[in-house]
Amino acid sequence: MNVRCFDSPEQATAALAGRIADAIRDRPALVLGLPTGRTPISLYAELRRLHAAGALDFSRVSTFNLDEFVGLEASDAGSFRQYMERHLFRGVNLARERIHFLDGAATDPDTECARYENALDAAGGIDLQVLGIGVNGHIGFNEPGDSLISRTHRVTLADTTRRDNAAAFGGDAARVPAEALTIGMGAIMRASAVALVATGPEKASCIERMIRGPVTARLPASFLQLRRHVEVYLDRAAARRL
Ligand code: PGA
């Protein structure tokens, strides 16, 4: 893994924004895989800034978000779709028809997962997958367990994950949906490039295990060790155990 360590979280996400901007300039029709969470908020702010400065054109870019909560309409304030509208989509010139999202309110989640997997295939897979990491080592909502699932699937969220997502639900973990839809490990492992960002001291342990530990379904991000290239953007706090 190609690990880069920065003095501050903002420097780490600004460097990653620059990496994404370079990829879009090289390939204007880039297929970009996108995460949600606290960590990428400053990443998306920087991408909006680059776009507003006339330095970045999203008009031919396609995006695929990693995951969405089951049971939430796209218009629900707690949905990842609304997070993306607030932090990125409204601030850049993405074509609406090239924004791909799992529908958490789909009546048949299995059909919805198959639709998304087909859309990923039709796009030729992901060119650049941007990832965060959960404190439990999840990527997307591929949660730790006895095994991992390759395709887009429905998942029961770990308690730590519901706690970490409580802020968007009035701080109450019990109001965070118990399930989500997520792309699987297959689309992540097949992406042409992967860039993972982690900041803050609470990520130091999972980052150490991701890079130095065994490859295990108990820490899904450890599977990234099997890829030829992974770029890892860290601040000092997340890198302190390396
Ligand atoms: P966070 O989420 O950025 O809010 O820590 C990361 C993740 O769960 O992937």
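Just so it is clear, the model here is predicted, and its values are computed rather than measured. Remember, it's 1-based here, ligands and their atoms both numbered in the order they're listed.
- Ion pairing between E68 and R81 fails under the 4.0 Å rule for side-chain N and carboxylate O.
- Shortest contact from atom 4 (O) of ligand 1 to any protein heavy atom: R38 N, 2.8 Å.
- Salt bridge E85/R96: present, at least one basic N to carboxylate O contact under 4.0 Å.
- When the heavy-atom distances from atom 6 (C) of ligand 1 to L43, I133, I41 are ranked, the shortest goes to I133.
- At a cut-off of 3.5 Å, with distance as the only test, a side-chain donor of E117 or T152 sits close to an acceptor on the other residue.
- Of the residues listed (T156, T160, T182, T161), the one engaging E143 in a side chain to side chain donor-acceptor pair (under 3.5 Å) is T161, and it is the only one.
- Residue contacts with ligand 1 include H138, since one or more of its heavy atoms lies under 4.0 Å from the ligand.
- Applying the 4.0 Å criterion to heavy atoms of T39 picks out, from ligand 1, the atoms 1 (P), 3 (O), 5 (O).
- The protein heavy-atom contact nearest to atom 2 (O) of ligand 1 is G37 CA, 4.1 Å.
- Few gaps surround CD on E202; more than 12 heavy atoms of other groups in view lie less than 6.0 Å from it.
- In terms of protein heavy atoms, atom 5 (O) of ligand 1 is closest to K203 NZ, 2.6 Å.
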